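Note that the structure is a prediction, hence the values are computed from the model and not measured. Counting starts at 1 for both ligands and their atoms, following the listed order.
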Amino acid sequence: AAAKILDGVAIAKDMKDEVKAEIEGFVAEGRRPPNLCVIQVGEDPASKAYVTNKIKACKYTGITSEKIVLPVETTEEHLLSLIKEKSDSDEVDGLLVQLPVPKHITERKVCNAVHPSKDVDGFNIINIGKFCSDQKSFVPATPAGVMEILRRSGIETFGKNAVVCGRSKNVGMPLAMLLHADGVYETKAGDATTTICHRYTPPEQLKLFTKTADILVVAVGIPGLITADMVKEGVAVIDIGINRVKDEKTGKMKLVGDVDFEGVSKVAGHITPVPGGVGPITVAMLMKNTLTAYKKEITFE
Ligand code: ADP
């Protein structure tokens, strides 16, 4: 049996079209459209590409955007004062600083400087705290997007076994939160029995865990970590890895995930491709978060 491929581009388009339609409604009522401010420090090529994609999605959905590119030697003090200025501006609904920031700047300070009501990345400690106590909050776009893929593809999480490989603060951890927590609360979490694997999961044991998964999410950064022998028949596999590798045949660079797509797609029930899986959905989710910020749907007293 061949897995059904979860088309991230198509799902992302649906999500963006919904955001676009809602914004058109507000604009028709005479309101200004939502606005997103994106701050990039330095010229890291991957960061540049992500920022470009975000600005493009803003244009598509009708969100006005401002992209601010600061030189790599920008001081922490200057960055924090700019964040404060944008946090205080009535013209700005969503505000994010593209990570990673240069080493001389403390990431945690940057995340906490963004006002929680504009923190569309969900990296401010107030949002993390709310989120971890099952309250409505801004949730990081990648994990929120993964839940959206599952929901829109009719993949049930309630009472299922979910395995998350990777425990980063921006992806693996919040995703495990969303999968395991109680669906009756504001975060509408997945009620799955959830296992987190990470770099200290002994390699020979990783398979014992992944084999139990009805839903397997991989955010590790190791191409081909998950192979066909490690998964259960019918599993839904969500591959968050984005790895740049050299194509053996053509010698050109290409993007691959953390899952051996060719092998695993013969066993899985559903699988996301890389590229064209989680990536576009993350961007669409950011648009949705920006609309949420604009609508002031989450309260911070
Ligand atoms: P991302 O931002 O996509 O989550 P990171 O590079 O921040 O990626 O995190 C990688 C994660 O992968 C870490 O949590 C690390 O513990 C986990 N990891 C690394 N190697 C393995 C492995 N062999 N098996 C499972 N998890 C691993």
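- When the options I5, D239, V237 are evaluated for a side-chain contact (heavy atoms from CB on, under 4.5 Å) with F261, the one that passes is I5.
- In terms of protein heavy-atom proximity, atom 5 (P) of ligand 1 is closest to S168 CB, 4.1 Å.
- The single protein non-hydrogen atom nearest to atom 25 (C) of ligand 1 is H198 O, 3.4 Å, given as residue, atom name and distance.
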Where do E22 and K295 land on the salt bridge (charged side-chain N to carboxylate O under 4.0 Å, His left out) test, with the steps shown first? CA-CA 11 Å; E22 222 180 310; K295 294 197 283 184; 2.4 Å; yes

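- Taking a 4.0 Å cut-off on heavy atoms, G221 fails to register as neighbouring ligand 1.
- Here side-chain hydrogen bond (donor to acceptor under 3.5 Å, both in side chains) pairs that include residues 277-288, with residues two or more places apart or in two chains, are T142-T282.
- The closest side-chain donor-acceptor pair between D119 and N127 falls under 3.5 angstrom.
- Between F26 and Y294, the ring planes lie perpendicular to each other; the angle is over 60°, past the 30° to 60° tilted range.
- Nearest to atom 14 (O) of ligand 1 among the protein's heavy atoms is R167 N, 2.8 Å.
- In I222, the part holding a heavy atom less than 4.0 Å from any atom of ligand 1 is the side chain.
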Verdict with reasoning, T187 to Q135, per side-chain hydrogen bond (donor to acceptor under 3.5 Å, both in side chains): CA-CA 6 Å; T187 55; Q135 294 171 45; over 6 Å; no

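- For atom 19 (C) of ligand 1, the closest non-hydrogen atom on the protein side is R199 CB, 3.5 Å.
- Residue contact check: G166 has heavy atoms under 4.0 Å from atoms 11 (C), 12 (O), 14 (O), 17 (C) of ligand 1.
- Taking a cutoff of 4.0 Å between a charged side-chain nitrogen and a carboxylate oxygen, K160 and E156 do not qualify as a salt bridge.
- For ligand 1, the atoms sitting less than 4.0 Å from at least one non-hydrogen atom of A219 are 4 (O), 10 (C), 11 (C), 12 (O), numbered in the order shown with element in parentheses.
- Protein heavy atom nearest atom 6 (O) of ligand 1, with residue, atom name and distance: V220 O, 4.4 Å.
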